[in-house]
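First the structure, in the form of structure tokens, and then the observations on it.
Quick note on labels: first sequence line is chain A, next is B, and so on, each numbered from 1.
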2 protein chains.
Amino acid sequence: MAKKTATTAAAQRSGDDTAAQPSRRERRELRREAAVNAAFQLAEREGAAGLSMRRLGQELDVDATILYRLFRDKDELLLAVAERTIRMILDDIAEVPEEEPWQQTLRRIAESTWLVQTRYPAITSLTFARTTGGPAEQRLVELILTAFTRSGLAPDRAVLHYRTYVDTTLGLCAHAAALGSLDPEVREKDGTTWTRIYARLPETAYPVTRTYIDELSSVTPKAIYDTAVDAVLFAAERAAAQGGTCRPQA
Amino acid sequence: MAKKTATTAAAQRSGDDTAAQPSRRERRELRREAAVNAAFQLAEREGAAGLSMRRLGQELDVDATILYRLFRDKDELLLAVAERTIRMILDDIAEVPEEEPWQQTLRRIAESTWLVQTRYPAITSLTFARTTGGPAEQRLVELILTAFTRSGLAPDRAVLHYRTYVDTTLGLCAHAAALGSLDPEVREKDGTTWTRIYARLPETAYPVTRTYIDELSSVTPKAIYDTAVDAVLFAAERAAAQGGTCRPQA
DNA sequence: ACCTGAACACCGTTCAAGT
DNA sequence: ACCTGAACACCGTTCAAGT
């Protein structure tokens, strides 16, 4: 009882005067934010494998076990990190004008997602396969889903294409990020495979691979991503035109 | 010199009499195969995180350090495991008849890939982002690339769509496998997000998500995969029809 | 009430010591 | 020539002991 009163008093104090000391809950949230920030720095500096609870503790100059009072376990920390990446995407796409064509909205979102992937590959490889259920994710889901409903697709089809769009973009971003954040040596092994292995294949057994070796080495992950996004959006367009429900395309 | 002669003699012996003792190289290969087999069993029984060098040693009833004479490190073991999954895919698609439409070939390959993913989710989540450069991968690359050239696409476009097809299918399979092989508790947390979180969203702020909640919970990973494969193949078809090079579509 | 750090049960990998 | 197991430098996580 006494404690509860104290907490409430603190909350009121900070409510009345925004410059006053933050409440316990606010202070906890600030420390969580600081930990998430440090996780970004640490992971991008040392690679995905370098993000350990112990090293994150060092980064923050606190005992590693303190992190376990901010996050239940490492997984919860990663979900908080994932939420932050989604908030970055939301900030980047900013407003969605009423009159913006739905395809353009989705293209812009795909672009922002890719941007975050290129900026934080290590973090992306750790988090892009996860569902956070947090407020940022909820907002982004609502945004993307709204765009798909504007296509005129029936609910079940709209949802199917929404999920295809999301899983494809996230899958490709995670894949690109995984390559972009491998240990340098392993990455070398993986990235130069085309020239190292495939350029030396016997022409008799592998005529097509040999013939296209130059093209194979020069395709960029971004070109692949754009092609996939185009394909997925066009499939939705086509389905909307065929299954034409409310707004055929007038 | 003496050693070399002995090895050659052993190879000849095994060449002459297939039932005789295998050569040192053959025995090494057999032990590598046994290790890969055990890795499949262990990973699918205990989950991706359960596949450690120590436990793999236990599984094989040998000291863990022996694995380091069969594989340079754990990464090389995983690449050998990845090669095996590709060989499974190759076995599953069997022959590609001369007259089979290229789209159907690629659909069959996508189907086999999915099959392997469902059978070995833990292994898939560990390996499907990797490039092995091994013989099985080389054969599969040649197979897929050949199918894309049969579409009539110009080399650079054929390669772009080939890569889009491969990265999209692998990305979605890896994503599905990651969900399918999470620790049961984490998986629960991730898998039931739709019903746990999104069903309780306030309708005012998230009207679309709330409206589509039933559809959202009932989309299957396989339906998403099929939709994505269709989209990617149709994009290639369309590009082939437009950029019509050698064989427009006669 | 909060923090600390020792401790537990694991990793991947190496290498001197055995046979 | 081959195998063994101790050892190193790490993990995530827990909990008794301190302040």
Side-chain angles (χ1 to χ4, degrees), chain A residues 1-7 9-10 21-28 30-32 34-35 38-39 42-43 46-81 122 126-127 182-186 189, chain B residues 1-7 10 21-28 30-32 34-35 38-39 42-43 46-81 122 126-127 182-183 185-186 189:
Chain A
M1 239 338 192
K3 280 172 215 164
K4 207 164 187 179
T5 310
T7 310
Q21 288 144 25
S23 72
R24 238 194 289 282
R25 259 196 61 186
E26 286 167 334
R27 224 160 56 209
R28 190 186 132 91
L30 281 177
R31 295 212 292 164
R32 280 175 57 111
L42 180 59
E46 310 276 350
L51 177 52
S52 74
M53 297 301 262
R54 278 180 166 84
R55 296 183 72 167
L56 187 55
Q58 283 177 12
E59 193 86 357
L60 291 159
D61 259 317
V62 292
D63 193 283
T65 61
I66 285 189
L67 293 170
Y68 284 87
R69 248 169 298 117
L70 300 176
F71 305 96
R72 182 148 53 87
D73 50 23
K74 192 183 179 182
D75 194 65
E76 198 181 284
L77 165 70
L78 286 181
L79 289 184
V81 169
L126 287 170
T127 61
L182 282 176
D183 306 328
E185 16 162 350
V186 182
K189 234 167 56 182
Chain B
M1 246 330 198
K3 278 173 215 162
K4 204 162 187 181
T5 309
T7 310
Q21 291 144 24
S23 72
R24 236 193 293 281
R25 261 196 59 185
E26 285 166 335
R27 226 161 54 209
R28 189 186 132 91
L30 281 176
R31 295 211 292 163
R32 279 176 58 109
L42 179 58
E46 312 275 351
L51 177 53
S52 73
M53 298 300 263
R54 280 180 165 86
R55 297 182 73 163
L56 187 54
Q58 281 177 12
E59 192 86 356
L60 291 160
D61 258 317
V62 294
D63 192 282
T65 60
I66 283 187
L67 293 168
Y68 285 87
R69 247 169 298 115
L70 300 176
F71 305 95
R72 182 149 53 88
D73 49 25
K74 193 183 178 184
D75 193 64
E76 198 181 284
L77 164 71
L78 287 180
L79 289 184
V81 169
L126 287 169
T127 60
L182 281 177
D183 306 330
E185 14 160 355
V186 183
K189 232 167 55 180

>> Can you give me the dot-bracket string for DNA chain C, 5' to 3', counting Watson-Crick and G-U wobble pairs with both distances under 3.5 Å, using [ ] for crossing pairs and | for partners on another strand?
In response: ||.|||||...|||||.||
>> Once side-chain contact (heavy atoms from CB on, under 4.5 Å) is applied, do any residues pair with B/Ala39, and if so which ones, sequence neighbours excluded?
In response: B/Leu51, B/Leu56, B/Val81
>> Minimum heavy-atom separation for A/Gly47 and A/Ala122, please, with both atom names.
In response: C-CB, 4.2 Å
For residues 60-71 of chain A, please give each side-chain donor-acceptor pair under 3.5 Å, one per line with the distance, not counting sequence neighbours.
residue, atom, partner, partner atom, Å
A/Asp63, OD1, A/Thr65, N, 3.0
A/Asp63, OD1, A/Thr65, OG1, 2.8

> Do any pairs count as a side chain to side chain donor-acceptor pair (under 3.5 Å) and have a residue in residues 48-58 of chain B, sequence neighbours left out, and if so which ones?
Replying inline: B/Glu46-B/Arg55
>> I need a per-nucleotide contact map over nucleotides 3-19 of chain C, read 5' to 3'. Cutoff is protein heavy atoms under 4.0 Å; write B for the base, S for backbone only, - otherwise.
In response: BBB-B---BBBB-----
>> Just to verify, what does B/Arg28 make a side-chain hydrogen bond (donor to acceptor under 3.5 Å, both in side chains) with, not counting sequence neighbours?
In response: none
> If only atom types and distance count, is the side chain of B/Asp75 paired as donor or acceptor with the main-chain N or O of B/Leu78 below 3.5 Å?
Replying inline: no
